[in-house]
There are 2 protein chains.
Amino acid sequence: MRRLVVNGQVVQGLRTGGRSARIRESVLSAAFIELAESGYADLSVEAVASRAGVNKTTIYRRWQTLEDLLVDALTVGALEIPIPDTGSVEGDLLAVGHELAKLLNDGVGRQIATFVFTAGLRSSELREATRGYFEDQAVRAIPIIVRAIDRGELPTDCDASALLTTFRAPLFYQLVTTGDPIDVELIAQATRVALTAARAGLLAK
Amino acid sequence: MRRLVVNGQVVQGLRTGGRSARIRESVLSAAFIELAESGYADLSVEAVASRAGVNKTTIYRRWQTLEDLLVDALTVGALEIPIPDTGSVEGDLLAVGHELAKLLNDGVGRQIATFVFTAGLRSSELREATRGYFEDQAVRAIPIIVRAIDRGELPTDCDASALLTTFRAPLFYQLVTTGDPIDVELIAQATRVALTAARAGLLAK
């Protein structure tokens with residue numbers, strides 16, 4: 001897996017492989033760069049093909065629509081953030097919030113997020129891809145909660161998924177409502193609210 | 001103000017007035033019905049004009065794009081929900097959650113919400129309209145918190161906006177991630193988490 005940097009943002013997880021995988025990677029990379037530069041509304045197969053150095057037919061052979069292409073990008077982990085291990089659950093959640101803020105506050109991450117948020121409303125196929133993406137992201141972060149329970153920082157019956165959802169929800173809510181950047185105060189408040197709820201037994205399995 | 005019912009859902013707040021206001025109302029109503037029947041992706045000025053019984057030029061004279069038209073729909077309160085007064089803050093939040101679920105779980109409300117969530121990422125003008133909409137909705141619900149403080153149910157320095165945001169965030173998060181319906185368990189958990197956080201002093205001004 002190599003790290004792809006688009007407009008100063010790390011877009012991770014494009015795995016390398018044979019010729020077919022290389023074409024896929026170059027097309028997905030081109031789509032991200034176009035997203036970052038032109039935005040989702042102006043994204044076109046022509047521009048993606050031109051930037052990737054392939055024919056439009058090469059793209060249409062693999063993906064019927066631009067949306068299929070972007071859904072595919074989700075499955076290769078283009079929006080994955082690193083999962084921290086700082087030694088405390090508070091430190092880990094603050095670090096996750098910081099990474100989410102870096103990803104979502106502007107540029108390609110915000111454009112992809114826009115697409116992801118609405119993909120599920122366009123077709124049931126896209127909805128399943130979106131759901132799979134968010135479920136994968138939730139599963140990746142579960143070790144944060146497992147370690148916290150092991151350290152005695154959280155109740156043993158704490159539901160990792162419920163805690164992570166409670167933590168992430170205010171950050172995504174801000175993104176889709178006011179659109180203001182996710183800042184350190186918001187991340188700190190989301191961390192405190194989620195941990196307080198978990199310790200009060202509100203997020204038990 | 002009259003109540004407009006689209007596919008069994010009450011879409012409120014279209015104010016009546018002179019001829020110009022009547023045209024505006026019929027176009028906005030037509031847009032909602034088209035949204036409910038065809039979805040946002042397939043919404044067209046042609047279909048809206050035809051349903052409203054006006055020329056396309058009548059629409060383009062008032063709204064440059066379909067998005068401008070939908071932003072305008074926001075300002076007339078098309079997505080407003082009733083603000084309850086049940087006698088307890090818990091009852092009020094549960095009632096608000098129930099109304100949000102009715103509005104967002106399917107049909108026109110979900111289609112409009114999709115638009116609203118992404119509008120802010122398309123242009124700064126649309127972003128301001130979206131922000132204004134969410135701010136208006138937050139202001140409308142403040143009496144719930146003021147009454148709760150008066151009844152001694154919440155700390156006197158509780159920030160109404162922070163509490164309402166904490167409450168709403170998990171509902172909207174579910175809408176944009178898994179897309180699963182907002183159900184009574186989710187609403188009850190969001191209510192408990194928000195009230196616990198407020199009573200722990202985490203949502204103070």
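In what follows, every chain begins at residue 1, and chains take the letters A, B, ... in the order their sequences are listed.
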Next on the checklist: What's the separation between atom CD1 in B:I145 and atom CD in B:E153, rounded to the nearest 0.5 Å?
Outcome noted: 9.5 Å
Item to check | Contacting region of B:T178 [heavy-atom separation from chain A under 4.5 Å] | outcome: both
Checklist outcome for this item: Among B:T196, B:L202, B:L203, the residue with the most heavy-atom pairs under 4.5 Å to chain A is B:L202
Next on the checklist: Looking at B:R147 and B:D92, is there a salt bridge between them, counting it only when a charged N and a carboxylate O are closer than 4.0 Å?
Outcome noted: yes
Next on the checklist: Quick check for you: among B:T166, B:V193, B:D180, B:T177, which has the greatest number of heavy-atom pairs under 4.5 Å with chain A?
Outcome noted: B:T177
Checklist entry - What distance do B:I182 atom CD1 and B:E99 atom CD have between them, rounded to the nearest 0.5 Å? => result 12.0 Å
Checklist entry - Of all of A:R192, A:R168, A:E135, which one pairs up most often with chain B through heavy atoms under 4.5 Å apart? => result A:R168
Next on the checklist: Any side-chain to backbone donor/acceptor pair from B:T165 onto B:S161? Under 3.5 Å, distance only.
Outcome noted: yes
